[in-house]
Asker: 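This is the structure I have questions about; it appears just below.
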Amino acid sequence: MPELPEVETIKQGLSKKIVGLKIKDVQILNSKTFSGDEKQLKNKKVKSIWRKAKVLGIDLENNLTLLFHLKMSGQLVYQGKQRFVGGHPTTDMTQEMPNKSTRVIFEFSDKSKLFFNDQRKFGWIRIIDNGQLKMDNFLKNLGPEPLEKDFTVEVFKKQLLKRKNLPIKVALMDQSLISGIGNIYASEACFDAKIDPGRKVSELSDQEFKKMHQGIIKSLEDGIKHGGATRAHFVDAEGHKGYFLDYAYVYGKDKHPCKVCGGIIKKITQAGRGTYYCPKCQK
DNA sequence: TGCCCCCTGCAG
DNA sequence: CTGCAGGGGGCA
């Protein structure tokens, strides 16, 4: 799925588009995707949009919030009102919506639409009352946000040491330790820190915790800067791909030469997920 | 604290 | 055909 930078990219794009719009209708094309009574959403205005870890929240009037998790293949694509250019109808979209992966469609009072597409159907949308947000099981188990100012090296180290026997790359992806890092940025952060992803958390020196901490922040910020990472599915709120993978050092680059040392990037499996690293740069 | 599973589609 | 894919919940 979209990881922190991808969800953040969607949040920023969507905020510019739908804050202030009123939901007119909701069409649910796949019932398992949506939980809650969609009739509650009718005529509710969008107040603000936020992100926590990889979850997107849309706050509505009447203390209602829509929670979205895109999991592996989810997309949230906004299609503005149809415009006419040179006498022909056109939109911002690069692809036709809805498509066969569209699971839910939100229609706003100005006729613009928000499409929730999800090929693999792992993603979900839930309606939650704001009073329950703090109690929500999913949200309350999420670790600190790595791009917040209070995410210091000390906080990072303390969190990771809760799972000291895990390989560092696997620990980085544990959402209860740190929010928002997934398979792409875990590999990239380890490369930036020059740390072998197979090293156990307990083996890291203070200096290595510091490099790892910087590597996480650097990788996530680079991801946001390039509009996220598109492997197969990710698109931003306007339907555009992200270009972070063009700039990545190791993710998806197995058998390719390392951009730094020229050595060959290797792919291994950790906890059932692919990990990419440069054995020469990362120790 | 590890597996299997939820799904669909694409590459090999 | 098998294996693999930005995630993570439920189960031993």
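A, B, ... follow the sequence lines: proteins, then strands. Residue 1 opens every chain.
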Asker: Does any N or O donor sit under 3.5 Å from an N or O acceptor when you compare the side chain of Arg120(A) with the base of dA5(C)?
Answerer: yes
Asker: Out of Glu3(A), Glu148(A), Glu8(A), which residue meets the salt bridge (Lys or Arg N to Asp or Glu O under 4.0 Å) rule with Arg51(A)?
Answerer: Glu8(A)
Asker: Would you say the side chain of Asp129(A) lies within less than 4.5 Å of the side chain of Thr65(A), judging by non-hydrogen atoms?
Answerer: no
Asker: Mind checking who dC7(B) pairs with, Watson-Crick or G-U wobble, both distances under 3.5 Å?
Answerer: none
Asker: On the ring face of Tyr249(A), is Lys259(A) found with NZ or CZ under 6.0 Å from the centre and within 45° of the axis?
Answerer: yes
Asker: Round to the nearest Å and state the distance from Arg126(A) atom CZ to dG8(C) atom C1'.
Answerer: 13 Å
Asker: What are the bounds, 5' to 3', of the part of DNA chain B that sits under 4.0 Å from heavy atoms of chain A?
Answerer: dT1(B) to dG9(B)
Asker: How many Å lie between CZ on Arg273(A) and C1' on dA5(C), as a whole number?
Answerer: 8 Å
Asker: Verify the ring-centre separation between Phe116(A) and Trp124(A): is it less than 6.0 angstrom?
Answerer: no
Asker: Can you name the atoms? Protein N/O to nucleotides 9-12 of chain C N/O, anything below 3.5 Å, with the distance.
Answerer:
none

Asker: To the nearest 0.5 Å, tell me how far Phe115(A) CZ sits from Gln27(A) CD.
Answerer: 8.5 Å
Asker: Rounded to the nearest 0.5 Å, what's the gap from CG on Leu166(A) to NZ on Lys200(A)? Could you check?
Answerer: 9.0 Å
Asker: Going by ring centres under 5.5 Å and near-parallel planes (under 30°), is Phe122(A) stacked on dG7(C)?
Answerer: yes
Asker: Using atom CZ of Phe68(A) as one end and atom C1' of dG8(C) as the other, report the distance to the nearest whole Å.
Answerer: 19 Å
Asker: Taking the six-membered ring of Phe191(A) as reference, does the cationic atom of Lys194(A) (NZ for Lys, CZ for Arg) lie under 6.0 Å from its centre and within 45° of its axis?
Answerer: yes
Asker: How long is the line joining CG of Leu4(A) and C1' of dG8(C), in whole Å?
Answerer: 16 Å
Asker: Determine the interatomic distance between C1' on dC1(C) and the same-named atom on dC6(B); round to the nearest Å.
Answerer: 22 Å
Asker: How far, in whole Å, is dG9(B) from dG8(C) if one measures between their P atoms?
Answerer: 22 Å
Asker: Where along residues 156-188 of chain A does a heavy atom fall under 4.0 Å from DNA chain B?
Answerer: Arg163(A), Leu166(A)
